[in-house]
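Working notes, beginning with the structure itself.
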Amino acid sequence: MTQNESEAKGFYKLNWIQRIGYGSGDLAQNLIFQTVACFLMLYLTTVLKINPAFVGGLILAVRLLDCFWSPIVGRYIDNRNPKLGKYRAYLLYGGIPLTVAACLLMLPQVASWAMPMKIAYATVSYTVLSMIYSVVNIPYGSIMASMTRDNDEVLKLTSTRMVCANIGQITVQAGFPIGLAIVAQAVIDWNQALFMAIGTIPAFVILPSLPFLKRVFGKKGLYYLLLSIGFVGFVILYTIPKVSDVASCNTLVQAAKVMTGVGLLVGSLMWALVPEVITEAEYRTGNRPAATVNALAGVAFKAGFSIAGWITPLAMGMVGFDLANEQSALQTDPYAWFVVTCCFAVIGFALLLLCFNGCKERIATTPEKPVSYGEMFQEFKVNKCLQLMLCIFVVVFLASFISAPVNAYYPKLADYSAASQEAILWFTCVIPAVLLIIVGYLIYKYPLTDEVINKMNQEIEDRK
């Protein structure tokens with residue numbers, strides 16, 4: 001089969017401008033999402049002094065709302081074809097209000113308000129931001145399945161996307177505390193910033209090498225290898241303060257943090273499963289429910305994040321570590337939080353514009369009849385691959401985010417009581433390590449190999 005014949009059947013080859021253009025959208029979203037995932041809980045508890053139990057409940061409630069909202073967004077998008085692109089149009093339609101909502105999330109004047117007003121503002125601003133984020137994130141994820149059916153190209157596209165996502169992650173995790181210190185005119189804690197961001201470094205080595213590593217180890221073999229390295233890293237981080245002082249073992253601490261980043265990198269690779277599940281659904285039903293599957297994947301992703309955001313402040317408070325009253329590991333100047341958040345939001349919007357111009361949709365169909373909610377539930381009910389994928393998403397992102405807000409405290413472990421130290425260690429080391437074991441088991445049960453997907457793609461094209 002010639003390249004023209006292959007592309008006529010949807011197996012398009014992509015150039016690096018298209019790949020980087022698409023990946024810039026994930027970089028844009030991570031500048032906002034990582035700010036919320038890693039720092040919103042600390043902002044609400046240490047800057048606004050809102051009760052940690054309420055903050056945990058708020059994060060969980062908003063994500064539960066998103067369980068209903070995301071399928072609505074996915075269904076709406078699947079059933080329409082805007083002139084600017086079935087999926088890419090929403091990078092503009094949602095990008096502008098997303099930027100505004102992100103800037104308003106940490107409005108500095110709120111810090112001087114009475115507590116009931118603080119709670120009301122936090123609830124409304126976070127809920128609005130979350131709902132708008134879905135309007136951008138769900139169609140963005142669907143763009144990948146509309147650019148090509150070629151499995152190797154999807155892998156390259158995923159690798160590029162995840163490198164860009166990790167650039168956003170490392171920019172926020174290291175840049176946010178540095179930015180706070182600069183705006184607040186305080187001393188920068190470089191060791192803390194390095195610890196929070198260094199776990200992202202493996203992405204820049206492993207993701208570009210993904211096609212090669214996949215050929216050597218196989219898809220599942222690669223996942224198992226990464227998870228094993230991550231597990232050992234968490235064990236080392238837990239052991240260090242038991243036998244020595246964290247500050248005196250800085251090199252070993254940072255090396256172990258890199259190893260944990262290798263294990264948690266599996267979360268980035270999970271997005272490559274989404275096009276596979278979409279293909280499997282098209283193989284069975286004849287429809288290609290890209291936005292619907294991405295909406296459900298987004299729900300699972302946010303479920304892991306929301307469970308982490310709910311459990312962390314609640315459980316730490318139960319063992320005596322009250323985030324609102326303990327010494328904060330970051331600057332608490334409200335104006336500094338606002339300025340840094342606005343900078344990330346505005347840069348993110350510029351990157352969404354780049355993504356809009358860099359993406360080209362080729363495989364984007366609208367069902368002959370609208371997708372109903374009953375059909376969406378039925379698809380979830382009968383699609384075992386989808387069920388497994390969603391379970392993997394929940395667990396792997398729970399492992400990623402359960403430690404995110406507490407990472408800032410680990411380098412300063414000696415500053416806290418014995419009970420508080422143990423709470424920090426459980427959330428930065430023990431719980432994520434156990435969750436990685438569960439992820440490994442779920443991957444073992446996942447049935448869609450590359451051979452199966454390639455066969456499904458070929459049969460789909462033969463039908464046409």
Side-chain angles (χ1 to χ4, degrees), residues 29 32-45 48 50-77 94 97-98 101-102 105 118-141 267 270 274 291-318 323 371-374 376-381 386-405 427 431 435 438:
Q29 293 172 83
I32 295 175
F33 180 79
Q34 291 295 329
T35 297
V36 172
C38 299
F39 298 104
L40 178 63
M41 187 184 77
L42 294 179
Y43 169 76
L44 296 178
T45 54
L48 298 189
I50 298 176
N51 185 287
F54 175 83
V55 172
L58 171 62
I59 293 173
L60 181 63
V62 171
R63 292 313 176 191
L64 287 176
L65 173 64
D66 202 59
C67 291
F68 297 95
W69 173 245
S70 288
I72 293 173
V73 174
R75 177 179 181 269
Y76 180 90
I77 293 168
L98 178 65
L105 182 65
K118 289 180 181 179
I119 290 174
Y121 188 86
T123 301
V124 173
S125 61
Y126 178 43
T127 303
V128 171
L129 176 66
S130 178
M131 295 179 73
I132 299 174
Y133 183 83
S134 295
V135 175
V136 174
N137 181 253
I138 291 170
Y140 170 76
M270 289 302 101
V274 175
T292 299
V293 172
N294 271 281
L296 294 173
V299 169
F301 165 65
K302 292 170 186 175
F305 161 60
S306 61
I307 294 171
W310 169 59
I311 289 178
T312 302
L314 187 64
M316 293 191 76
M318 292 173 63
L323 287 164
V371 179
S372 68
Y373 294 112
M376 291 173 64
F377 175 76
Q378 186 63 26
E379 177 64 25
F380 171 78
K381 183 178 178 182
L386 177 60
Q387 294 171 13
L388 265 174
M389 183 194 76
L390 296 182
C391 288
I392 295 172
F393 266 64
V394 171
V395 179
V396 75
F397 287 111
L398 174 57
S400 298
F401 291 117
I402 201 163
S403 62
F427 280 90
I431 298 176
L435 291 172
I438 298 174

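These numbers were taken from a predicted model, which means no experiment stands behind them.
Considering every non-hydrogen atom in both Met131 and Trp69, the closest pair reads O-NE1, 2.9 Å. Across Ala122 and Leu44, no two heavy atoms sit closer than the pair CB-CD2, 3.8 Å. Taking each heavy atom of Val135 and Gly94 in turn, the nearest pair found is CG1-CA, 4.3 Å. For Phe393 against Ala300, the heavy-atom pair with the smallest separation is CB-CB, 3.7 Å. Residue Ile402 comes nearest to Ala399 through the heavy atom pair CG2-O, 3.9 Å, listed as atom of the first residue, atom of the second, then distance. Of all heavy-atom pairs spanning Met41 and Ile59, the tightest one is CB-CD1, 4.3 Å.
The OG1 atom of Thr45 sits 8.5 Å away from atom CD1 of Ile50, with the distance rounded to the nearest 0.5 Å. Tyr121 contributes atom OH, which lies 7.5 Å from atom CG of Leu105 (distance to the nearest 0.5 angstrom). Here the CG-CG distance, from Leu48 to Leu40, works out to 9.0 Å after rounding to the nearest 0.5 Å. From Ile307, atom CD1 reaches atom CG of Leu398 across 6.0 Å, with rounding to the nearest 0.5 Å.
In this structure a side-chain-to-backbone donor-acceptor pair under 3.5 Å is present from Thr123 to Ile119.
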